[in-house]
Protein chains: 2
Amino acid sequence: MSQVDRIEINLYEYFRNENFVPGDSIPKEVELAEAMGVSRTAMREALTRFKTLGIIESKKNRGMSITQPDFFQNMNRILNPSLLTKETMQDFFELRLVIEMGIVDLLFIRKTNDDLKKLENIIEKEEAAKSKSEKLKLDIEFHSTLYQISGNHTIERFQKILMPIFDYMNHDLHIRSQEENEDYISHRVLLKILENGTAEEFRMNMHKHLIQYFEQIK
Amino acid sequence: MSQVDRIEINLYEYFRNENFVPGDSIPKEVELAEAMGVSRTAMREALTRFKTLGIIESKKNRGMSITQPDFFQNMNRILNPSLLTKETMQDFFELRLVIEMGIVDLLFIRKTNDDLKKLENIIEKEEAAKSKSEKLKLDIEFHSTLYQISGNHTIERFQKILMPIFDYMNHDLHIRSQEENEDYISHRVLLKILENGTAEEFRMNMHKHLIQYFEQIK
DNA sequence: TATCGATATATGTCGTACATATGTATTTGA
DNA sequence: TCAAATACATATGTACGACATATATCGATA
């Protein structure tokens, strides 16, 4: 274990014991370094780790302060498809489906009339859309809106970050067109159920709507 | 934008262009620094960021190499309840419910006889358990096993990390005992459905099983 | 030939100096 | 008197040079 590792642990302990909340400012580098009897260099490296994790932030002269860490910001930095194994990619692919099926209860708890109108609006554009790319764009917008309606910002951001992966994996899939698909469930049907149906109905039909993706899972 | 920020971006570009895969070794610090015309100090700080994110790793003399980043490892370092806002905590609380409802399809795709036996085993212990703490432990084990059965390692790890949060929030909840709860769905019922029922049934009953948590959501 | 030891090497740690941005105090001018 | 411009102090950011330390490689010795 290196010096910096020890410093990191000590700092972490220190932050917890002091009961810092986001916004609180912390002692300056030299003070921390002296207090722990280490060089400013080593202390800075430990601090850099915390900065990278989003636990602290520093401004040129104002010193450093505790911040609310943001997982998904980091996730963005590391979710480079070329660096992920195929298995992890597949996992995230499935996770998207899991979330999409799982948020249904939240939708029924939190839906508002405005939300329904918004979906209606998207569907209308979708039905009028000519080009394939435009349809795809509106398809994504529909599902993104569902995440919004869930009212869970964390999940919403999560989905935004997972999107590129889903996109990336889509290239390998042969997606049947609506015409080829006997019992295709359209967005309009989903909206009707969200308006007048139950969560159970919605889940069943969402599953059918996503059936082509589920078929990929073995 | 600071010098180090620029270096980070450049490095990121460089890594991508070189098509590195985990295990590949990268040039040494001084070479990278010279190549970009910056000091070793600044380069090291940028490298520290990547090390923190788990994109590269360094060994004392062997130099540095690309590694498979591990998002959840970082998450562990960050998930300090005292540093999270109440809203984010609530979000994660909900996310757990979302995943639990969403993995049902994976369960039905991937369940094996061994899995069912394992669940049966847990339930038997649970029914024989006397103390409250032991029951709680087995309750957690039951649900953890479901995550295992989902066959999705990413989700499984995700759940393990979210557990402390869920635990933490549980303290604030008044959980009705089974006796107080009219139509409580037991683990045994869930297992029966997993054995002989359908995914839809399972979801409906899982929702009832978790009803007390869903009632917390507004 | 096998084992031990010297050496070279790349990261880790240290100290110092200076750059830069920013908040605060001071001076200047109307 | 007050506002604007200026100077100053301060904390982080960047740079350089030196040494510590772990480890791989090669060479010497028994």
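Protein chains get the first letters and strands the later ones, always in sequence-line order, with residue 1 at the start of each. Worth knowing before you read on, the calculation uses all heavy atoms, side chains too, and leaves out hydrogens, waters and symmetry mates.
- Between A/G37 and B/P27, it is B/P27 whose nearest contact on DNA chain C lies nearer the 5' terminus.
- A/F158 and B/F92 have their aromatic ring centers separated by at least 6.0 angstrom.
- In this structure, B/F20 and B/Y14 have perpendicular ring planes: the angle between them is above 60°, well past the 30° mark.
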What donor-acceptor contacts under 3.5 angstrom involve side-chain atoms of residues 142-149 of chain A, with partners at least two apart or in another chain?
residue : atom : partner : partner atom : Å
A/H143  : ND1  : A/E100  : OE2          : 2.3
A/H143  : NE2  : A/H187  : NE2          : 3.4
A/H143  : NE2  : A/H209  : NE2          : 3.2
A/S144  : OG   : A/I140  : O            : 2.9
A/T145  : OG1  : A/E141  : O            : 2.7
A/Y147  : OH   : A/E100  : OE1          : 2.8

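- At a threshold of 4.0 Å, the pair A/E29-A/R44 counts as salt-bridged, since one of the basic side-chain nitrogens sits closer than that to a carboxylate oxygen.
- Atom CG of B/N113 has 12 or fewer heavy atoms from other residues, nucleotides or ligands within 6.0 Å.
- On the nucleic acid side, DNA chain D has its first and last nucleotide under 4.0 Å of a heavy atom of chain A at D/dT10 to D/dT14, going 5' to 3'.
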Run the side-chain donor-acceptor check on residues 56-67 of chain A: report pairs under 3.5 Å with partners two or more places apart or on a different chain.
residue : atom : partner : partner atom : Å
A/T67   : OG1  : A/G54   : O            : 2.8
A/T67   : OG1  : A/I55   : O            : 3.4

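- Put simply, CE on B/M64 is 12 Å from C1' on C/dG12, counting in whole angstrom units.
- Nucleotide C/dT11 holds its C1' atom 13 Å from the NZ atom of B/K59, rounded to whole Å.
- Qualifying salt bridge (charged side-chain N to carboxylate O under 4.0 Å, His left out) partners for B/E31, counting only residues two or more places apart in sequence or in other chains: B/K28.
- With sequence neighbours excluded, the residues that form a side-chain contact (heavy atoms from CB on, under 4.5 Å) with A/Q68 are A/P22, B/L84, B/T85, B/T88.
- Using a 4.0 Å heavy-atom cutoff across all strands shown, B/V30 reaches no nucleic acid atom at all.
- Summarising the geometry, the separation between CD on B/E29 and P on C/dT13 is reported as 11 Å, rounded to the nearest angstrom.
- Nucleotides of DNA chain C nearest to A/V38 and A/K60 differ in position, and the one nearer the 5' end is that of A/V38.
- A heavy atom lying under 4.0 Å from DNA chain D marks the following residues of residues 39-46 of chain A, by number: A/R40, A/R44.
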